[in-house]
Amino acid sequence: MNRLLNNRYRFYILTGAGLLLWMMFFDANDLRSQFRNWWKAKELEAEKAYFEDRIQAVKAERKEVLGSQQLRVKYAREKYLMKKRNEDVYVLVDENGEPIEK
């Protein structure tokens with residue numbers, strides 16, 4: 001009787017171990033896939049935080065620019081180097097070719 005119980009328990013232990021191994025390595029949702037998905041989620045959360053900060057900066061910039069006509073003209077002249085018809089614009093650059101004032 002005791003031998004029969006040991007065989008039955010051995011069957012459940014081996015079946016459980018086989019199922020566990022199958023789920024860890026061979027299933028569509030194995031450990032490698034779960035880790036890859038977790039890593040991708042972390043990267044996307046970092047991107048989300050970056051873009052949320054960028055949205056806040058753009059909203060603040062927009063609020064500043066839409067204040068008055070003079071601010072719009074100033075913003076366009078500084079940011080996009082726009083000029084009036086009768087004037088020249090000189091952009092000072094450093095050794096790397098980047099504008100000195102941004």
Side-chain angles (χ1 to χ4, degrees):
M1 188 69 166
N2 194 16
R3 186 174 164 190
L4 183 64
L5 288 176
N6 283 341
N7 285 340
R8 186 178 297 164
Y9 288 132
R10 188 179 310 152
F11 170 76
Y12 288 121
I13 290 172
L14 289 176
T15 303
L19 180 63
L20 185 65
L21 285 172
W22 180 266
M23 290 178 67
M24 287 175 63
F25 298 108
F26 303 113
D27 193 41
N29 296 319
D30 60 352
L31 288 177
R32 186 175 50 166
S33 298
Q34 292 297 323
F35 181 73
R36 190 179 323 124
N37 291 341
W38 175 78
W39 191 260
K40 185 68 173 177
K42 296 284 277 182
E43 288 176 354
L44 291 175
E45 287 174 5
E47 280 185 33
K48 178 184 173 188
Y50 167 76
F51 285 118
E52 285 177 348
D53 291 342
R54 190 72 187 116
I55 287 171
Q56 292 301 322
V58 168
K59 282 183 180 179
E61 201 171 271
R62 180 177 179 223
K63 185 177 180 182
E64 176 187 329
V65 169
L66 293 179
S68 70
Q69 180 64 23
Q70 288 178 332
L71 288 176
R72 273 186 246 152
V73 170
K74 179 181 180 249
Y75 182 80
R77 291 167 70 84
E78 290 177 357
K79 182 95 174 172
Y80 298 110
L81 304 175
M82 293 182 169
K83 64 181 187 94
K84 295 180 182 176
R85 288 193 176 114
N86 59 353
E87 67 183 4
D88 295 324
V89 176
Y90 297 98
V91 179
L92 302 175
V93 294
D94 59 5
E95 300 84 29
N96 299 329
E98 295 290 324
I100 291 177
E101 292 185 16
K102 293 184 179 180

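Taking CG of Leu71 as the reference point, atom NZ of Lys63 lies at 13.0 Å (rounded to 0.5 Å). Distance CZ/Arg54 to CD/Glu61: 6.5 Å, rounded to 0.5 Å. To the nearest 0.5 Å, atoms CH2 (Trp38) and CG (Leu31) are separated by 13.5 Å.
With Asp30 contributing its side chain and Ser33 its backbone, the two residues share a donor-acceptor pair below 3.5 Å.
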*So Trp39 and Glu43, side-chain hydrogen bond (donor to acceptor under 3.5 Å, both in side chains) or not? Walk me through it.*
CA-CA 6 Å; Trp39 191 260; Glu43 288 176 354; 3.0 Å; yes

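With a 6.0 Å radius and a threshold of 12 heavy atoms from other residues, nucleotides or ligands, Gln70 has its CD atom at or below the threshold. More than 12 heavy atoms of other shown residues, nucleotides or ligands fall within 6.0 angstrom of atom CZ in Arg72.
Using a 4.5 Å cut-off between side-chain heavy atoms of Ile, Leu, Val, Met, Phe, Trp and Tyr, with links allowed through other members, Phe25 and Leu19 fall into different hydrophobic clusters. At a threshold of 4.5 Å between side-chain heavy atoms, the hydrophobic network of Ile, Leu, Val, Met, Phe, Trp and Tyr places Trp22 and Met24 in one connected group. Hydrophobic clustering keeps Ile13 apart from Phe11 (ILVMFWY residues linked when any side-chain heavy atoms are closer than 4.5 Å, directly or through intermediates).
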